[in-house]
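Here is how names work: the chains are called A, B, and so on, in the same order as the sequence lines, proteins then strands, and each is numbered from 1.
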There are 2 protein chains.
Amino acid sequence: MLKANHHAEPLGRREQNKIDTRHAIADAAFELARSVGPGAFTVDQIVERAGVSRRTFFNYFPSAEDALTVRMDLFIDLALGVFEQLPANEPLFGAIIRAFTETTRMEGLSQHGELFRMAGADPDLLRAQLHSWERAEARIGEALRARLGTAASELYLTALVGCVMSSTRAALRDWAVHTPPSASDSGKQLEARILAALTMLRDGFADPGALIAPDPPDIPARS
Amino acid sequence: MLKANHHAEPLGRREQNKIDTRHAIADAAFELARSVGPGAFTVDQIVERAGVSRRTFFNYFPSAEDALTVRMDLFIDLALGVFEQLPANEPLFGAIIRAFTETTRMEGLSQHGELFRMAGADPDLLRAQLHSWERAEARIGEALRARLGTAASELYLTALVGCVMSSTRAALRDWAVHTPPSASDSGKQLEARILAALTMLRDGFADPGALIAPDPPDIPARS
DNA sequence: GCAATTTTTGCACTCCGTGCAACGAAGCGT
DNA sequence: ACGCTTCGTTGCACGGAGTGCAAAAATTGC
């Protein structure tokens, strides 16, 4: 269910077992959340499915909800990998947007959307996700620092990253409200919204009326 | 410690008692967090200080950390009150920035900064605060909707609000890192950073090198 | 195969969060 | 002031969350 790592480094049994356990727990939690709803299951149910002891669960995650944020962490892993490969002379916002679209091409967004919707029904899951976004922000900030060098101020950098993440989240909200879970082009709808939001940000929120076009807007180069 | 409400509406005993209890709990929690550190105290300690029963605490807050977000909620109350009074023809970003500065003139920022710092040491408090920001975002979004009318798309509006909040948070982070808790002009430092961040946002992150000037930057009009 | 290291597990314990029912205080009509 | 109603508070009890600790099991290096 969860993606394995792609760098074929020689992993020892120890490392590999830990990764497997982690994913087993995450998968069990996700399936449970799907079937009975977020916040409607206990840690004991998770560990039964995952085949580990209760105590082991808490060696990996501080709470049941945290097991549901593994997917986002992995998504960020991938996206950062893509981002670092992009040519350094590419415009900043363009690189960010491309890193995102390339990653969605690998991973898809449906499960992320699903989890986002769940968070609307369970405050604890929402908090875990917000925390996850926060961690992602920090990691992306480092990647941007590596690209921009010391010319960009700390404030500029963190504000920029924060806005990118905020815009993405706004797109998720809009998508969750306006696209029914059953929609066939659900993923495309979401991607289009994220692109629209990032484009607005890049252009300084100049056009309040910017709406979602039926097909993904093309992005005229800038910044 | 916490501000009383300013509209002198005729409140009944019931309403007033609830407000008092709420504030008593919030104050007790804050004092405790200050003295022993965030996450280092129990609900029982809070209720002992506040003079209410354990059960009553949970009638007001779902967790100990949530009692520490009351201040931010009240700050947003004030800020929204200010924002609604501003002339409707004032440029959007200008109005947002003014609503913020006016509110800080009433309330100050030191306690907010203090709480923000605490969140760095306690994941649960961090999550509660992130949730609080989320609620604030929703409320501010409504206020902006009332001002902008139906011309602005839902996505534009939520993305904009999200970016405003993100930029503010970035300013808080920068402040927490670079300004020692003992600094005498701590509040001014923070305010200057928030203004700088909001200005960058307004200008579309055009200048990566934007740094904090020793004295608060003045804001040339736009948008 | 053996010793060292790391991970898993069971156990015990405190604290959290909530449903429930009894109690007490505020509102309200007379 | 009286009773009646409504709403908030409290105590109790219970299941679940999260953690320190030490024993057991698995992996590693020799």
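- Computed from coordinates, the A:R13 CZ to D:dG29 C1' distance equals 16 Å when rounded to whole Å.
- In this structure A:E142 satisfies the salt bridge (charged side-chain N to carboxylate O under 4.0 Å, His left out) test with no other residue, sequence neighbours excluded.
- Look at CZ on B:F57: it is 20 Å from P on D:dC12, rounded to the nearest Å.
- One finds no side-chain N or O of A:T42 lying less than 4.0 angstrom from the OP1 or OP2 phosphate oxygen of D:dG16.
- When the nucleotides D:dT28, C:dG27, C:dT8 are ranked by their closest atom to the side chain of A:Y60, C:dT8 comes out on top.
- For B:R22 and D:dG8, the CZ to P distance is 13 Å, given to the nearest whole Å.
- A heavy atom lying under 4.0 Å from DNA chain C marks the following residues of residues 43-55 of chain B, by number: B:V43, B:D44, B:R54, B:R55.
- Remark: the B:R14 side chain and the D:dT6 base include a donor-acceptor N/O pair separated by less than 3.5 Å.
- Atom CG in A:N17 sits roughly 8 Å away from atom P in C:dT8 (whole-Å rounding).
- D:dA13 atom P lies 18 Å from atom CZ of B:F58, rounded to whole Å.
- Although no hydrogens or angles enter the test, the distance criterion places a donor-acceptor pair under 3.5 Å between the side chain of A:D122 and the main chain of A:L125.
- Although no hydrogens or angles enter the test, the distance criterion places a donor-acceptor pair under 3.5 Å between the side chain of A:S35 and the main chain of A:L32.
- Across all strands shown, B:N59 has heavy atoms under 4.0 Å from base atoms, whether or not it also approaches the sugar-phosphate.
- Nucleotides of DNA chain C nearest to B:E15 and A:K18 differ in position, and the one nearer the 5' end is that of A:K18.
- Summarising the geometry, the separation between CZ on A:F41 and C1' on D:dA17 is reported as 13 Å, rounded to the nearest angstrom.
- For the pair B:D20 CG and C:dA25 P, the interatomic distance rounds to 16 Å; values are reported in whole Å.
- Between the P atom of C:dC15 and the CZ atom of B:F61 lies a distance of 21 Å, rounded to the nearest Å.
- Ion pairing of A:E137 with B:R173 is present here, as a side-chain N (NZ or NE/NH1/NH2) and a carboxylate O approach within less than 4.0 Å.
- Between B:E134 and A:R127 there is no salt bridge, since no side-chain N of the basic residue sits under 4.0 Å from a carboxylate O of the acidic one.
- Here the side chain of A:T103 pairs a donor or acceptor atom with the backbone of A:A99 at under 3.5 angstrom.
- Not one N or O on the side chain of B:Q16 forms a donor-acceptor pair closer than 3.5 Å with the backbone of B:R13.
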